[in-house]
**Q** 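Let me begin by handing over the structure; questions about it come next.
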Amino acid sequence: MKVLIIGSGGREHALAWKVAQSPRVTQVLVAPGNAGTRLEPKTRNVDVAADDIAGLLAFAQRERVDLTIVGPEAPLVLGVCDAFAAAGLRCFGPSRLAARLEGSKAFTKDFLQRHSIPTAAYATFTRATFDAAWVRAQRAPLVVKADGLAAGKGVVICATQDEAVATAEAMFAGRFGKAGDTVVVEAFLEGEEASFIAMVDGTHVLPLATSQDHKRLRDGDDGPNTGGMGAYSPAPVVTPQIHDRIMREVMLPTVAALAREGTPYVGFLYAGVMVASDGTPNVLEFNCRFGDPETQPILSRMRSDLTALCDAALDARLAGVEVDWDPRAAVGVVLAAAGYPDDVRKGDEIHGLDAAAGMPGKVFHAGTALSADGEVVTAGGRVLCAVGLGSSVQLARQQAYALADAICWDGMQYRQDIGYRAVARECAG
Ligand code: AMP
């Protein structure tokens, strides 16, 4: 079978690498891919942008693609799966309406409240309805969120009420473009974060291995929020009890309510959850796709055939399906470019990739490109993700950092402490 992967980041490299391992798959096409995807066996990059829905559809029809897996949220929110389905093509991901769970934070907060799914108390405003006095009457810290897609940057944690008012006003003034026309102001939640990612077939929820990512730029979870500086799987914070609560209180009611409301959900569903000290799984956000960088460590542990799982989901056959996991832990360390997460420098030549290719573990590419003279150069903020496997998080981490240390370019930055919470738990336990 021919499989099309839409996207160009580290998640899409991991999806392409995984799909190419399936004996059912003859060819993997990645639109547009990166300098790493083009080197995978059976795999070819295709020069169509991830948000060019008409171009993707025309390409998939011309190439007679059997299965498409959508990596990023933007094409999902634009309705790529609706367009493919209307043309009779199999495309794994939610419809445009179901993808509103990620595309609109105001929609999602109302949805959660309507269905009594745990989440922070909140209010939603436009410029016309903004009530600064209400914001000033709330307890700080407060979290201010642009409603629409803002490349993971539209969430600001505000230490004071005044800062929250100023942040909301900056969003109304266009700081995140149209994404900030509507703003959610919500209570700050204490706890430990976990990513809970599942495959959904409209009715059934098949949880994938648990994971935890590190959103802040610097060691010790300090510095600005980023798209994610590293992730590991499994995440010990998700104990069997917490897993059960997230399934019962978040995933199953969400999927059932979407189906009842006439927008059944098919695809990867990612809940970002803040686990409170009493175990309550408060929803911080939903993503309508696999996580990046969680995909890289999670798929490094998946032994089952991902294309068979996608097929089962598209045919509403996920009930009773089980995923076979490598019991080892996986740790992924993101190597980022100078300036990330703000103004990123691009075009720096990356050294050490050949040496790393001969070492245990796997380096997934994200923001990489080939220069005119054939060198692999940086082309984005998050450039690579080095994944190690090991019988403990500590050993997996050693393997990942050995890979990271083998690679360098001018201005490369990465955190030294990915997985520290899990390592602390291992040492304590
Ligand atoms: P989101 O995109 O909504 O997940 O927000 C990005 C990050 O901001 C989350 O991963 C959390 O670390 C943090 N965050 C968002 N909402 C809250 C909240 N209500 N309380 C505490 N932290 C939050």
Side-chain angles (χ1 to χ4, degrees), residues 72-74 76-77 99-113 117-125 135 138-161 163-164 167-168 171 175-176 179-180 182-197 210-218 220-232 235 237-238 246 250 254 268-278 280-294 334 341 382 415 418 420-421:
E73 61 278 13
L76 292 165
V77 171
R100 280 181 301 179
L101 273 194
E102 176 162 6
S104 168
K105 290 191 188 285
F107 168 84
T108 299
K109 294 295 289 189
D110 292 348
F111 173 89
L112 292 168
Q113 191 176 54
I117 297 167
T119 192
Y122 73 104
T124 300
F125 301 104
V135 176
Q138 306 307 305
R139 266 234 318 260
L142 288 163
V143 186
V144 180
K145 302 183 171 186
D147 174 57
L149 296 183
K153 294 181 182 149
V155 173
V156 184
I157 294 170
C158 302
T160 65
Q161 292 90 342
E163 194 187 333
T167 301
M171 289 185 183
R175 182 164 156 201
F176 298 107
T182 300
V183 164
V184 172
V185 180
E186 70 177 35
F188 180 84
L189 296 169
E190 305 280 352
E192 191 173 345
E193 270 185 84
S195 319
F196 196 96
I197 304 172
T210 59
S211 60
Q212 189 168 40
D213 77 343
H214 294 267
K215 284 239 166 49
R216 302 293 197 97
L217 181 68
R218 284 190 281 278
D221 293 322
D222 194 20
N225 259 326
T226 69
M229 294 301 289
Y232 58 95
V237 58
V238 187
I246 296 176
V250 176
T254 295
F268 295 111
L269 179 59
Y270 171 133
V273 171
M274 185 72 86
V275 181
S277 53
D278 68 354
T280 302
N282 285 300
V283 176
L284 293 175
E285 62 165 342
F286 280 118
N287 293 319
C288 60
R289 33 83 190 168
F290 220 143
D292 190 344
E294 293 93 332
V334 168
R382 292 185 293 167
R415 279 180 61 160
I418 300 304
Y420 73 89
R421 285 199 182 86

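Computed from a predicted model, the values in this text were never measured in an experiment. No hydrogens, no waters, no symmetry mates; every other heavy atom, side chains included, goes into these values. Each ligand, and each atom within it, is numbered from 1 in the order the structure gives.
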**Q** Which residue from His214, Glu285, Arg216, Glu190 reaches closest to atom 4 (O) of ligand 1 through any of its heavy atoms?
**A**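 Selected option, by shortest heavy-atom distance: Glu285.
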**Q** As an exercise, identify every atom of ligand 1 less than 4.0 angstrom from a heavy atom of Phe188.
**A**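 Listed by number with element, the hits are 20 (N), 21 (C), 22 (N).
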**Q** Among all protein heavy atoms, pick the one closest to atom 16 (N) of ligand 1 and tell me residue, atom and distance.
**A**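 Minimum-distance protein heavy atom for atom 16 (N) of ligand 1 reads Lys145 NZ, 3.0 Å.
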**Q** Who's the nearest protein heavy-atom neighbour of atom 19 (N) of ligand 1, and how far?
**A**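 Nearest neighbour among protein heavy atoms for atom 19 (N) of ligand 1, to 0.1 Å: Glu186 OE2, 2.7 Å.
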**Q** Does a side-chain heavy-atom distance below 4.5 Å link Thr167 with Arg175?
**A**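 Yes - at least one pair of side-chain heavy atoms lies under 4.5 Å apart.
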**Q** Contact between Phe111 and Arg100 at the side-chain level, heavy atoms closer than 4.5 Å - yes or no?
**A**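 Side chain of Phe111 against side chain of Arg100, heavy atoms only: no contact under 4.5 Å found.
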**Q** We want to know whether Thr280 and Asp278 form a side-chain donor-acceptor pair, criterion being a heavy-atom distance below 3.5 angstrom.
**A**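 Indeed, the side chains of Thr280 and Asp278 share at least one donor-acceptor pair under 3.5 Å.
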**Q** In the protein, what heavy atom is nearest to atom 12 (O) of ligand 1, and what distance, to one decimal place, separates them?
**A**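 Going by distance alone, atom 12 (O) of ligand 1 is nearest to Glu193 OE2, 2.5 Å.
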**Q** Can you check whether Ala187 has an N/O within less than 3.5 Å of an N/O in ligand 1?
**A**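 Indeed, backbone or side chain, Ala187 has an N or O that close.
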**Q** Side chain, backbone, both or neither: which part of Val155 comes within less than 4.0 Å of ligand 1 when only heavy atoms are counted?
**A**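 Only the side chain of Val155 comes within reach of ligand 1.
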**Q** So, Arg415 and Asp221, do they make that salt bridge, N to O below 4.0 Å?
**A**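 Yes, charged N to carboxylate O under 4.0 Å.
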**Q** Please report the closest heavy-atom contact between Gly228 and Asp213, naming both atoms and the distance.
**A**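 The answer is CA-OD2, 4.5 Å.
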**Q** Walk me through whether Leu149 and Glu102 qualify under side chain to side chain contact (heavy atoms under 4.5 Å, CB included).
**A** CA-CA 8 Å; Leu149 296 183; Glu102 176 162 6; 3.8 Å; yes
**Q** Would you mind listing which atoms of ligand 1 come within a distance below 4.0 Å of any non-hydrogen atom of Lys105?
**A**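 The atoms of ligand 1 under 4.0 Å from a heavy atom of Lys105 are 1 (P), 2 (O), 3 (O).
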**Q** Among protein heavy atoms, which lies nearest atom 23 (C) of ligand 1, and at what distance?
**A**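 Checking every protein heavy atom, the shortest distance to atom 23 (C) of ligand 1 gives Leu284 CD2, 3.9 Å.
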**Q** Check ligand 1 against Lys215 and write out every atom of the ligand that is under 4.0 Å from a heavy-atom position of the residue.
**A**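 Every atom of ligand 1 under 4.0 Å from some heavy atom of Lys215: 10 (O).
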**Q** Ignoring hydrogens and geometry, is there a side-chain-to-backbone donor-acceptor pair from Arg289 to Leu76 under 3.5 Å?
**A**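 Looks like no, no N/O pair under 3.5 Å.
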**Q** What protein heavy atom sits nearest atom 7 (C) of ligand 1, and how far away is it?
**A**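 Protein heavy atom with the smallest distance to atom 7 (C) of ligand 1: Asn225 ND2, 4.0 Å.
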**Q** For Asp147 and Lys109: C-alpha separation, side-chain torsions, deciding distance, then whether salt bridge (charged side-chain N to carboxylate O under 4.0 Å, His left out) applies.
**A** CA-CA 10 Å; Asp147 174 57; Lys109 294 295 289 189; over 6 Å; no
**Q** Specify side chain, backbone, both or neither for Leu189, according to which of its non-hydrogen atoms lie closer than 4.0 Å to ligand 1.
**A**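 Under 4.0 Å from ligand 1, Leu189 contributes backbone and side-chain atoms.
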**Q** State, yes or no, whether a side-chain contact exists between Phe286 and Val250 at a heavy-atom distance under 4.5 Å.
**A**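 Phe286 reaches Val250 side chain to side chain.
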**Q** Tell me the protein heavy atom at minimum distance from atom 13 (C) of ligand 1, and give that distance in Å.
**A**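 For atom 13 (C) of ligand 1, the nearest protein heavy atom comes out as Ile157 CD1, 3.9 Å.
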